[in-house]
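Since the structure comes first, as structure tokens, the remarks are kept for the end.
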Amino acid sequence: MTVVEFGMLLVTGTAESCSTGGHVFHLDRGVVTSILLASLLLTGGCGKPANDDKADVVIMDARIFTLDDEQPWAEAAAIKDGRFVYVGDKSGSGEWIGATTRIIAAEDHLVLPGFIDTHVHPVSGGGYATALSLDTFGTVDDWLVAIEDYAAANTERPVLFGYGFLASTFGPEGPLRQQIDAIVPDKPVLIMDEGFHGAWANTAALEALNITQDTPDPVPGFSYYKRDANGDATGYLLEGTAGMAMEALDVITEDVVVEGTGIVIDIMNRYGVTAAFDAGVISEGAGVKAILDRLEADDELTLRLVGSYRPAGTDEADVAVANAKRWAETIKGENYHYRMLKIMDDGTVEGRTAAMFEDYQGEPGNSGETVFTEAQMTSMISGAAAENIDVHVHALGERAIHETLNAIEAARAANPDTGSRFTICHIQVIADQDLDRFAELDVIAQSTPLWASYDEYGEQFVSEDQFDRYWRFASLKKRGVRLTFGSDYPASGAGTLGLSPVMQIEIGRTRQYAGEPDAPIQPRESERLDIETLVRGFTIDAAWQLRMEDDIGSIEVGKYGDLTMLDQDIFTADPHTIHETKVLLTLLGGEVVYASN
């Protein structure tokens, strides 16, 4: 038997002795690296084949929270051919151990199913993995210093590109081109906001884009160029104009995206994530497939990915269902399948583009806009229901949520036997009358708990009543609504840290800034969630949203051997320390995709 002490893990690989006595090797902790660990895990005994009925991997001495209602807790699990073949007590796992079985002694650490991110943009976000990442909660001066430093370190780049500023920090007028001009006047600079619903450009970028007083706004009041009293663009681009600028300045190439997506996936594995929903890319399907096929060929697509087709705007509403169906038939591989319809129906509170029932504070006449009319929403969702296509709708504001529920209600009435599953994501401000409708219409409520800390920046734009109706997670849970959670990376507002489910779980529990027990609590305190509900939202309920509940989301016999091991028990830890939890090990189908040093 080979014994390796690895950080807080004890990893053992069984081996039949090649002589009359067994051999035990003790390695100093500092000698072992993650690469060596993976090598040891893959090593058997003295070259003898394992019995066909024995497991490839056995994990024991663990506190396994299975998410299986019939057996919530277990001590051991065995994996063979990528799937769990045993889950139970330690004594029962012995019969699964053969000559080449890899044994992981968990030393009573908490083991959970692999986390599932139910709203993330790993491919689109891959384009930003090497870009400038601003501290969302920094000051304008902080951001300007970061831009100046990035420019000095990247003199060879023809365009400087980044993301992460919080638009509300600038006040109602938003960012100004002259602020960047003062430090980078000689080349285009384009910085996306933290939600990727707006951009900050300098004069050189506006000139490269040929934005003049005569340039029309694609959708006045929603997708537009902010202008000063003279009609000149201020450098603040909202919604579609920001995406158009990214494309026109050619800041993202296929090679950049392939490299960056690989980086994002590695980070997700490091945080214990083994599956995800790609919430939409505005790209031709062939381009998405080429990127994912390259990653898969290089064994870098180390998570199970369900994706979606997203119509770019109203001109694609009539073909949205046909395009989603075409993607489902063609954009798929061994570990990915783009088979849902994603609809973005409004913007953000920070950009004052989320669709509300009342005007934003200090902006008479502006209550935000929906991208699509309710009739268009009904047509697309009913069309998807007729084809049994699952639908995922971005709706942040109360009016956008209300109209989306209306469209889903109409779709269910027109297609009573549909197998489609409907998700409304983000759900920042929900009207009282719509809480029950989530349950009545069997709509999944998806969101990002990270955002449920106190919104001191966005508070200025909404009424007190609206602020008290932020992130109504517990109210939805009480009504039996299925809750699912994700990062929305790269729009999480926390850079790659937003990809951490344990960070999200802490804030979902406290509704405060991570690690700050004295921080203000985001109203209402009664909307705090318990840890188990939050874990379910990243595991078994998340699997339901992805229509993969038969394969992932819980540790049960027959499901894929996806799991993560944590260095502290998040059920018993001080809630304000949960963000400090480290992932020790992540398995995908029984294979190591991350191991801590």
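Quick note: residue numbers are just sequence positions, from 1. Both backbone and side-chain heavy atoms feed into the values below; hydrogens, waters and symmetry mates do not. Predicted, not measured: the structure shown is a model, and the values here were computed from it.
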Report all side-chain donor-acceptor pairs from residues 208-224 shorter than 3.5 Å, counting only partners two or more places apart or in another chain.
residue : atom : partner : partner atom : Å
T212    : OG1  : D214    : N            : 3.1
Q213    : NE2  : N230    : O            : 2.9
Q213    : NE2  : D232    : OD1          : 2.9
T215    : OG1  : N210    : O            : 3.4
T215    : OG1  : T212    : N            : 2.9
T215    : OG1  : T212    : O            : 3.4
D217    : OD1  : Y225    : N            : 3.1
S223    : OG   : G240    : N            : 3.2
S223    : OG   : T241    : N            : 3.2

Evaluation steps, ring-ring contact (aromatic ring centres under 6.0 Å, His included), between Y271 and F115: CA-CA 8 Å; Y271 286 137; F115 290 126; 9.8 Å; no
Pair F277-V120, side-chain contact (heavy atoms from CB on, under 4.5 Å): steps then yes or no: CA-CA 6 Å; F277 171 62; V120 64; 5.9 Å; no
Whether Q460 side chain and Y457 backbone form a donor-acceptor pair below 3.5 Å: yes
Pair F422 and H392, ring centroids less than 6.0 Å apart: no
Beyond-backbone contact of I444 with I424, side-chain heavy atoms, under 4.5 angstrom: no
Backbone of F137 reached by a side-chain donor or acceptor of D135 within 3.5 Å: yes
Under 3.5 Å: donor-acceptor pair, side chain of E329, backbone of R326: no
Worked check of side chain to side chain donor-acceptor pair (under 3.5 Å) between E358 and S367: CA-CA 5 Å; E358 57 184 283; S367 59; over 6 Å; no
Validation row: L67, V535 side chains within 4.5 angstrom (heavy atoms): yes
Heavy-atom pair of closest approach, residues Q522 and S453: OE1-O, 3.5 Å
Under 3.5 Å donor-acceptor, H337 side chain and A328 backbone: yes
R352 to F461, cation-pi by 6.0 Å centre distance and 45° axis angle: yes
Gap between atom NZ of K325 and atom CG of N323 - 0.5 Å precision: 12.0 Å
Side-chain donor-acceptor pair present, E316, Y309, cut-off under 3.5 Å: yes
Proximity of Y513 and Y454 rings by center, below 6.0 Å: no
Donor on one side chain, acceptor on other, T484 and D541, under 3.5 Å: no
Student check: side-chain heavy atoms of F538 and I116 closer than 4.5 Å: no
Worked check of salt bridge (charged side-chain N to carboxylate O under 4.0 Å, His left out) between E525 and R511: CA-CA 7 Å; E525 185 174 348; R511 293 176 76 91; over 6 Å; no
Backbone N/O of Q376 and side chain of T373: donor-acceptor pair under 3.5 Å: yes
Within 6.0 Å of CG in N388, more than 12 heavy atoms from elsewhere: yes
Donor + acceptor pair across side chains of S475, E527 (<3.5 Å): yes
Verdict with supporting geometry, D390 and R547, salt bridge (charged side-chain N to carboxylate O under 4.0 Å, His left out): CA-CA 9 Å; D390 295 339; R547 197 178 285 273; 2.7 Å; yes
L476 CG to S447 OG distance, which is reported to the nearest 0.5 Å: 9.5 Å
Whether H394 and H426 hold their rings parallel, tilted or perpendicular, with breakpoints at 30° and 60°: perpendicular
is_close_aromatic(W143, F170), centroid dist under 6.0 Å: yes
Between T423 and Q446, a side-chain donor and acceptor under 3.5 Å: no
Donor-acceptor pair, side chain of D278 and main chain of H121, under 3.5 angstrom: no
Closest contact, heavy atoms only, G486 versus T118: N-OG1, 3.6 Å
Side-chain heavy atoms of T136 within contact of F165, under 4.5 Å: no
Main-chain N/O of I507 paired to H579 side chain as donor or acceptor, under 3.5 Å: no
side-chain contact (heavy atoms from CB on, under 4.5 Å) assessment of F438 paired with I427: CA-CA 11 Å; F438 274 86; I427 56 170; 4.0 Å; yes
Exercise: identify the closest heavy-atom pair between L396 and I401: O-CD1, 3.8 Å
Aromatic ring proximity, centroids under 6.0 angstrom, Y489 and Y128: no
Where W451 and S492 come nearest, the two heavy atoms and their spacing: NE1-O, 2.8 Å
Test item: T234 and Q178 side chains (from C-beta on) under 4.5 Å apart, heavy atoms: no
No-hydrogen, no-angle side-chain donor-acceptor test under 3.5 Å, Q512 and R528: yes
Non-hydrogen atoms of A411 and S382 that approach each other most closely: CA-OG, 3.3 Å
Parallel, tilted or perpendicular, as decided by the 30° and 60° cut-offs, for the rings of H402 and F357: perpendicular
Considering all heavy atoms, the nearest L499-V273 contact: O-CG2, 4.2 Å
Any side-chain heavy-atom pair of V391 and I343 under 4.5 Å: yes
Residue pair H119 / D488, side-chain donor-acceptor N/O under 3.5 Å: yes
Cation-pi geometry met for R177 and W200 (6.0 Å, 45°): no
Check: D530 main-chain N/O paired with R509 side-chain donor or acceptor under 3.5 Å: no
Donor-acceptor pair, side chain of S379 and main chain of A375, under 3.5 angstrom: no
Short side-chain to backbone donor-acceptor contact, T577 and D574, under 3.5 Å: yes
D346 vs E369, side-chain contact (heavy atoms from CB on, under 4.5 Å): CA-CA, chis, key distance, verdict: CA-CA 6 Å; D346 72 343; E369 296 286 345; over 6 Å; no
Pairwise side-chain contact, P523 with Y470, heavy-atom cut-off 4.5 Å (strictly under): no
Derivation of the side-chain contact (heavy atoms from CB on, under 4.5 Å) call for I578 and I531: CA-CA 10 Å; I578 291 174; I531 299 299; 3.6 Å; yes
Criterion salt bridge (charged side-chain N to carboxylate O under 4.0 Å, His left out) on R421 and E549, from CA distance to verdict: CA-CA 13 Å; R421 296 177 185 179; E549 69 276 8; 2.9 Å; yes
K226, NZ atom: more than 12 neighbouring heavy atoms under 6.0 Å: yes
pair V288-V281: side-chain heavy atoms closer than 4.5 Å: yes
Neighbour count above 12 (heavy atom, 6.0 Å) for E247 CD: no
